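For reference, the structure discussed in these notes is given below.
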Amino acid sequence: MKFSTILTGGLTLCLAIGAQAATLDDVKNRGMVSCGVSTGLAGFSQKDENGMWSGLDVDVCRAVAAAVLGDDTKVQYKPLTAKERFTALQSGEIDLLSRNTTWTHTRDTSLGLNFAGVNYYDGQGFMVSKKIGVTTALELDGAAVCIQAGTTSELNLADYFRENKLSYTAITFDTADQTRAGFESGRCDVLTSDQSQLYAIRIGLKNPADALVLPEVISKEPLGPVVRQGDDEWFNITRWSLMAMVEAEFLAVDSSNVDNAMKNGSPSQKRLLGSEGDAGDKLGLDANWAYNIVKLVGNYGESFERNVGMDSPLKIARGQNAQWNNGGLMYSAPIR
Amino acid sequence: MSETDIQIKKKPSFINNPRNRAIFYQLLLLIGLGYFFFSIISNTLANMEARGIKTGYSFLSSTSGFDILMTLIPYDATSSYFQTFVVGMLNTMLVSVIGIFIATILGFLMGVAYFSKNWLIRKSSVVYVETFRNIPLLLQVFFWYSAVLATLPSARDSLSVGEAIFLNIRGFYFPKVINEPLSILVYIAFAIAVVAAVCLKIWAKKRQDKTGLQFPVLYASLALLIGLPLVVTLLSGVPFQLEYPVLKGFNFKGGVTIIPELIALTLALSIYTGAFIAEAVRAGVQAVPQGQSEAARSLGLKEKKIMSLIVVPQAMRVIVPMLNSEYQSLVKNSTLATAIGYPDLFTVFVGTSLNQTGQAIEIVFMTIAVYFAFNMSISFIMNQVNKRVSHIER
Ligand SMILES: N[C@@H](CCC(=O)N[C@@H](CS)C(=O)NCC(=O)O)C(=O)O
């Protein structure tokens with residue numbers, strides 16, 4: 001709300017004063033990574049009763065903290081709505097945005113931001129109440145649709161209904177909670193968002209079994225961490241922290257066998273974990289940067305299963321998010 | 001302070017002349033300020049360029065790509081961001097104007113009620129003011145939206161009056177009047193009635209000034225304003241059609257819809273601001289010396305007349321400046337729309353558009369300019385009103 005005005009004020013001020021310090025130095029001086037997450041989305045970034053954050057997106061923050069500071073708990077989480085997130089990053093309020101954010105051309109080219117990779121391949125879907133008896137999105141003519149402001153979902157929704165010559169009214173809210181409340185109270189017939197978020201929102205409903213996620217997937221939503229443009233060192237660190245998690249899974253290194261792999265592993269395992277080569281040095285980090293990530297946070301597969309996969313209430317199958325050699329899209333460039 | 005004054009006092013040197021000095025320092029300040037803003041702006045632009053952030057207003061002509069819940073002008077996803085801006089501005093204006101209107105009526109009623117002889121009326125005024133003035137506005141917005149309107153039944157189980165007016169969680173629906181060619185006669189009749197009512201008022205005042213006789217202008221005008229168009233409507237064979245809202249598929253189609261977001265926001269804004277206006281009215285009435293109403297009473301005026309003819313007109317002197325700032329607060333407070341998704345300027349422009357385009361500085365700047373202009377206009381109008389009420393007083 002008013003927060004976005006304040007952020008913009010901050011943005012103007014810091015752009016006026018200028019002087020762009022290196023994020024890595026800032027983070028080291030502060031001893032903390034400041035990481036923008038969602039205001040609460042099960043499986044992706046969510047705070048528990050003890051104030052501990054967890055989730056697939058949170059694990060990216062933790063991985064970066066582990067790589068840079070050797071401690072995955074040294075993260076300051078900043079919950080941001082969809083509307084606030086980019087301004088918060090541009091103004092330097094956060095070092096890293098890891099908040100189910102879709103990589104799009106506009107965002108990458110005109111906001112002064114860079115996407116460091118993809119940590120979840122998603123697509124937009126629809127959730128309806130079973131009561132209304134709809135089984136496909138093409139039956140949604142005339143429906144009222146709840147949606148979150150400032151998202152790609154807003155744009156895809158307009159495209160989809162226009163393309164299929166269906167009419168609708170868009171009811172736009174600020175946060176995921178309000179959107180869910182709108183859906184639950186019956187203000188709208190349909191809730192639309194990225195499918196992963198639909199599953200997350202559904203388990204937050206009073207009666208999850210009453211809601212149905214329709215089969216249609218109407219868009220491509222590659223979600224990933226974002227950093228400011230113009231700081232290549234920090235960009236590399238973020239990108240490769242994510243890559244390290246994916247590569248660790250590919251190389252079958254996980255948090256339980258990482259010590260052994262470091263001593264006795266294959267050459268590529270050793271290069272990843274720093275017992276061979278100088279991958280860390282090239283990033284301006286310690287040799288055990290990736291060891292810390294795997295040891296403290298786990299590899300991508302572990303993170304996936306724990307937060308959104310079969311070990312979580314969401315029970316999302318790996319699908320597109322499996323390793324490339326398992327029919328998915330997760331593919332790390334080699335570390336060498 | 002004329003030139004001659006200074007010359008007579010035997011002029012100081014040019015440098016020591018206080019006037020020249022004043023001008024000099026003002027100029028210095030102006031140049032300093034100018035430089036300050038210039039460097040901020042150019043620095044910002046240079047830094048944005050360096051960071052690869054797009055700048056400029058060209059985005060205003062590109063397609064927005066999203067739809068808006070309620071628009072007063074035709075709008076869809078193919079419209080431009082400039083149209084988004086206009087839609088938001090009109091929606092802000094709508095809620096502000098309705099809010100100000102209701103808040104004023106409510107505020108005056110409640111403010112005057114404070115002086116009622118009736119215990120119940122007096123107390124309800126106190127309770128109203130104390131309750132609504134002391135609860136944060138955001139909470140009140142949520143209250144109306146989530147606690148009251150969200151509990152209404154679904155479209156299928158709407159509350160309805162004669163299958164023509166419907167109320168449900170999606171809004172308030174009523175029939176839309178559609179004109180036929182002959183409708184123009186009715187509008188003309190109404191216009192004539194308005195003119196006649198004004199003439200009647202002038203005539204009645206003249207007559208009262210001359211003879212002291214009173215004429216029931218209010219009732220007569222009401223009869224005119226309602227009666228004349230009604231008679232013409234009937235004579236011309238009711239030249240209107242009604243388009244009824246009907247449930248089709250998921251929602252009602254046809255008729256006029258008032259969305260619950262607008263209802264909740266208007267209620268919250270006008271009830272909250274009304275409480276402050278009631279206080280202003282109370283203060284204004286209390287500021288009128290007791291002697292005024294005593295004098296009126298001794299002239300034999302009825303209590304109601306004393307209030308409306310003697311006290312309130314004098315109280316306006318105190319009330320109007322306070323109204324000015326309450327109205328301005330209402331306009332600014334209308335940005336709370338974003339909490340419930342009413343598509344005001346703040347929500348659709350600083351919210352969605354800013355996020356889709358990333359043009360934060362341009363968009364916030366335009367938005368500030370609009371609120372500034374709105375409030376300057378309110379200030380201007382209220383200053384005119386103020387001039388009039390202070391004149392009447394003397
Ligand atoms: N991936 C889309 C949508 C992201 C999004 O904000 N989705 C909502 C789902 S309703 C959400 O995560 N909200 C959480 C929050 O506001 O904290 C984007 O990048 O624009």
Side-chain angles (χ1 to χ4, degrees), chain A residues 1-2 4-5 7-9 11-20 82-87 90-91 106-107 109-114 132 140-144 146 149-152 154-155 157-159 161-162 168-174 178 181-182 185-190 228-230, chain B residues 39-41 43-48 50-54 64-70 76-78 138 146 149-155 168-170 248-251 253 259-261 335-336 338-341 343 346-348 350-361 363-364 367-368:
Chain A
M1 245 180 310
K2 297 286 162 59
S4 51
T5 321
L7 277 178
T8 309
L11 177 63
T12 319
L13 207 66
C14 88
L15 285 171
I17 297 163
Q20 200 171 354
K83 282 179 0 183
E84 293 157 356
R85 55 188 159 173
F86 299 121
T87 320
Q90 289 170 328
S91 67
T106 306
R107 289 172 179 178
T109 56
S110 65
L111 301 188
L113 305 175
N114 277 334
I132 67 172
L140 291 176
D141 191 24
C146 279
T151 56
T152 46
E154 245 182 321
L155 308 176
L157 174 71
D159 282 357
F161 274 75
R162 196 142 49 93
Y168 75 106
T169 30
I171 323 268
T172 316
F173 293 102
D174 254 9
Q178 288 170 1
S185 70
R187 176 67 184 96
C188 49
D189 307 291
V190 190
R228 275 184 294 284
Q229 192 171 314
Chain B
S39 51
I40 282 195
I41 292 170
N43 230 342
T44 306
L45 287 178
N47 281 318
M48 283 170 75
R51 291 195 189 178
I53 301 177
K54 246 182 80 191
S64 69
F66 56 88
D67 286 281
I68 298 178
L69 174 56
M70 185 191 99
D76 66 24
T78 58
L138 180 59
S146 308
L149 296 176
T151 57
L152 287 170
S154 71
N168 62 46
I169 186 160
R170 305 276 165 85
K248 266 203 207 126
F250 296 104
N251 288 305
K253 300 239 169 78
I259 56 171
E261 288 77 15
T335 55
L336 286 176
T338 190
I340 54 170
F346 200 78
T347 308
V348 298
V350 180
T352 300
S353 304
L354 189 158
N355 205 267
Q356 301 296 6
T357 62
Q359 316 274 159
I361 291 177
I363 286 182
V364 169
T367 309
I368 289 175

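Note on naming: letters A, B, ... go to the chains in the order of the sequence lines (proteins, then strands), and numbering restarts at 1 for each one. Since we're looking at a predicted model, the values are computed, not measured.
- Of all the heavy atoms in B/Ile53 and A/Leu111, the pair that sits closest is CG1-O, 3.4 Å.
- Distance OG1/B/Thr338 to CD/A/Gln178: 8.0 Å, rounded to 0.5 Å.
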Audit row: B/Glu261, A/Arg187, side-chain contact (heavy atoms from CB on, under 4.5 Å) steps and yes/no: CA-CA 10 Å; B/Glu261 288 77 15; A/Arg187 176 67 184 96; 2.8 Å; yes
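- By the side chain to side chain donor-acceptor pair (under 3.5 Å) test, B/Asp67 pairs with A/Tyr168, sequence neighbours left out.
- For the pair A/Arg85 and B/Asn355, the minimum side-chain heavy-atom distance is below 4.5 Å.
- In this structure, chain B has a heavy atom under 4.5 Å from the backbone of A/Ala82, while its side chain stays farther away.
- The two residues A/Asp189 and B/Phe250 come nearest to each other via the heavy atoms OD2-CB, 3.5 Å.
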Candidate pair A/Ile171 and B/Arg170, rule side-chain contact (heavy atoms from CB on, under 4.5 Å), full reasoning: CA-CA 10 Å; A/Ile171 323 268; B/Arg170 305 276 165 85; 5.9 Å; no
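- In plain terms, the two heavy atoms of A/Ala158 and B/Phe66 that are nearest each other are CB-CA, 4.2 Å.
- The most heavy-atom pairs under 4.5 Å with chain B, out of A/Leu155, A/Thr152, A/Thr151, come from A/Leu155.
- Between the CD1 atom of B/Ile68 and the OG1 atom of A/Thr172 there is a distance of 8.0 Å, given to the nearest 0.5 Å.
- Taking the side chain as every heavy atom from C-beta outward, B/Ile169 and A/Ser185 approach each other to under 4.5 Å.
- Contact count versus chain A (heavy atoms, under 4.5 Å) is highest, among B/Ala150, B/Gly351, B/Gly249, for B/Gly351.
- Interface remark: A/Ser110 contributes backbone and side-chain atoms alike to the contact with chain B (heavy atom separation under 4.5 Å).
- Heavy atoms of A/Leu157 lying under 4.5 Å from chain B are absent altogether.
- Here the shortest heavy-atom pairing between A/Phe173 and B/Ile340 reads CE2-O, 3.6 Å.
- For B/Ile363, no part lies near chain A; criterion is any non-hydrogen pair under 4.5 Å.
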Residues A/Thr169, B/Ile259; criterion side-chain contact (heavy atoms from CB on, under 4.5 Å); working and verdict: CA-CA 11 Å; A/Thr169 30; B/Ile259 56 171; over 6 Å; no
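- Neither the backbone nor the side chain of B/Thr151 comes within contact range of chain A; no heavy atoms are under 4.5 Å apart.
- When B/Ser154, B/Ala155, B/Pro260 are compared by the number of non-hydrogen pairs under 4.5 Å with chain A, B/Pro260 comes out ahead.
- The contact between B/Ser64 and chain A is made entirely by backbone atoms, counting heavy-atom distances below 4.5 Å.
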From CA spacing to verdict: side-chain contact (heavy atoms from CB on, under 4.5 Å), A/Arg162, B/Asp76: CA-CA 10 Å; A/Arg162 196 142 49 93; B/Asp76 66 24; 5.7 Å; no
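- Distance CZ/A/Arg107 to CD/B/Gln356: 6.5 Å, rounded to 0.5 Å.
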